[in-house]
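Report on one structure; see the data block that follows.
When a ligand or atom number is given, it counts from 1 through the structure's own listing order. Just so we're clear, the structure is a prediction, and the values are computed from it rather than from any experiment. Side-chain atoms are counted along with the backbone in the values below, which use heavy atoms only and exclude waters and symmetry mates.
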Amino acid sequence: MQRIFSGVQPTGNLHLGNYLGAIRNWVRLQNDYECIFCMVDLHAITVWQDPAELRSNTREVAAAMIASGVDPETNIIFNQSQVPQHAELAWIFNCVARLGWLDRMTQFKDKAGKDKARASVGLYAYPNLMAADILAYKATHVPVGEDQKQHLELCRDIAQKFNHDYGEEVFPIVEPLIFGEATRVMSLRDGSKKMSKSDVSHASRINMTDDVDTIAKKIRKARTDAEPLPTEMVGLKGRPGASNLVGIYAALSDTTSAQVLTEFGGKGFGDFKPALADLAVDKLSQIQDETRRLMAAPDHVDAIIKTGAQKARAIAEPILREIREKIGFLQT
Ligand code: TRP
């Protein structure tokens with residue numbers, strides 16, 4: 001069976017974009033692949049995190065994952081910092097990757113902003129740690145959102161250079177898995193911007209913890225144009241707000257945008273938004289109830305994570321032994 005690795009940052013509230021773009025896809029992959037899912041707390045601290053919040057967010061992401069249908073018995077769910085092999089391999093990759101490669105990373109440029117000198121070194125080296133996450137398990141497939149494609153390219157470059165420098169096919173060249181409707185869920189206030197936990201407007205995103213009324217209200221207020229929905233996909237061109245809502249509907253109902261238009265084409269948002277609100281409330285409240293139930297017993301969640309970390313270490317350590325040997329480190 002082929003091995004999947006994917007990660008999610010345990011920062012802030014999970015929102016609909018995280019669910020539709022990542023977690024829901026993981027649920028679908030779990031039967032066909034050996035899956036390793038990681039709360040990437042080492043990545044999280046590349047920018048400041050309040051310690052108590054980091055701890056509770058890490059638990060909450062695990063709970064939400066399980067509540068969404070990721071089976072903790074057949075998959076590995078754990079937090080990155082419990083498996084030291086990630087940090088060890090990341091250091092090695094710091095010495096494999098070239099400055100010029102990292103200089104091209106657009107996410108660093110976006111996150112560091114104008115004042116690059118004040119960004120942490122970790123934020124800059126972030127993609128090397130991400131490559132280490134994946135290659136510490138020799139994972140071959142990585143489900144990610146569009147925005148992570150460039151980081152996966154870097155992971156391939158690192159694997160290739162390592163293989164070249166140390167003379168053998170040590171690391172696989174990973175394949176991104178980007179699929180599903182609405183893998184790119186956009187802001188409800190601006191259909192040209194990604195839905196994001198850092199957006200100052202709360203109305204721009206649906207949090208996985210929003211109550212029924214809030215979800216319905218945010219959808220009702222989502223910014224769109226005033227035209228009715230088209231019957232064909234071409235009619236969505238140049239209508240980012242409308243495309244986004246149609247995409248979200250398709251993803252939540254497991255169909256395609258084209259199919260949604262067959263049903264709602266010709267109808268106005270006065271009809272479509274309430275239908276979408278009902279659907280979203282229905283899908284999300286089930287997950288929310290289950291997350292709440294799990295969070296009421298945090299020890300149980302922590303035990304699942306601990307077992308996950310043990311299983312992860314058991315896979316990563318023999319791979320790291322092989323890498324240390326290749327590099328020429330003396331080891332016992
Ligand atoms: N950088 C990813 C994100 O922000 C999270 C991540 C960290 C990840 N390590 C990974 C995703 C390894 C896939 C594989 O979404």
Practice prompt. For the residue pair Val47 and Lys111, establish whether any side-chain heavy-atom pair is separated by less than 4.5 Å.
Written response: no
Fill in: From Ile287 atom CD1 to Glu290 atom CD, the distance as rounded to the nearest 0.5 Å
10.0 Å
Worksheet entry | Pairs flagged by salt bridge (charged side-chain N to carboxylate O under 4.0 Å, His left out) wherever residues 221-234 is involved - sequence neighbours left out | Asp225-Arg239
Discussion item. With side chain to side chain donor-acceptor pair (under 3.5 Å) as the criterion, how do Asp199 and Ser201 come out once you've worked through the C-alpha distance, each side chain's angles and the decisive distance to 0.1 Å?
Written reply: CA-CA 5 Å; Asp199 198 316; Ser201 162; 4.7 Å; no
Practice prompt. Would you give the length of the straight line joining atom NZ of Lys311 to atom NZ of Lys306, rounded to the nearest 0.5 angstrom?
Written response: 14.0 Å
Can you produce the list of protein nitrogen or oxygen atoms under 3.5 Å from a nitrogen or oxygen of ligand 1, alongside each distance?
| unit_1 | atom_1 | unit_2 | atom_2 | d |
| --- | --- | --- | --- | --- |
| ligand 1 | 1 (N) | Tyr126 | OH | 2.7 |
| ligand 1 | 1 (N) | Gln148 | OE1 | 3.0 |
| ligand 1 | 4 (O) | Tyr126 | OH | 3.1 |
| ligand 1 | 9 (N) | Asp133 | OD2 | 2.7 |

Item to complete: State whether the side chain of Asp50 and the backbone N or O of Glu53 hold a donor-acceptor pair below 3.5 Å, judged by distance alone.
Response: yes
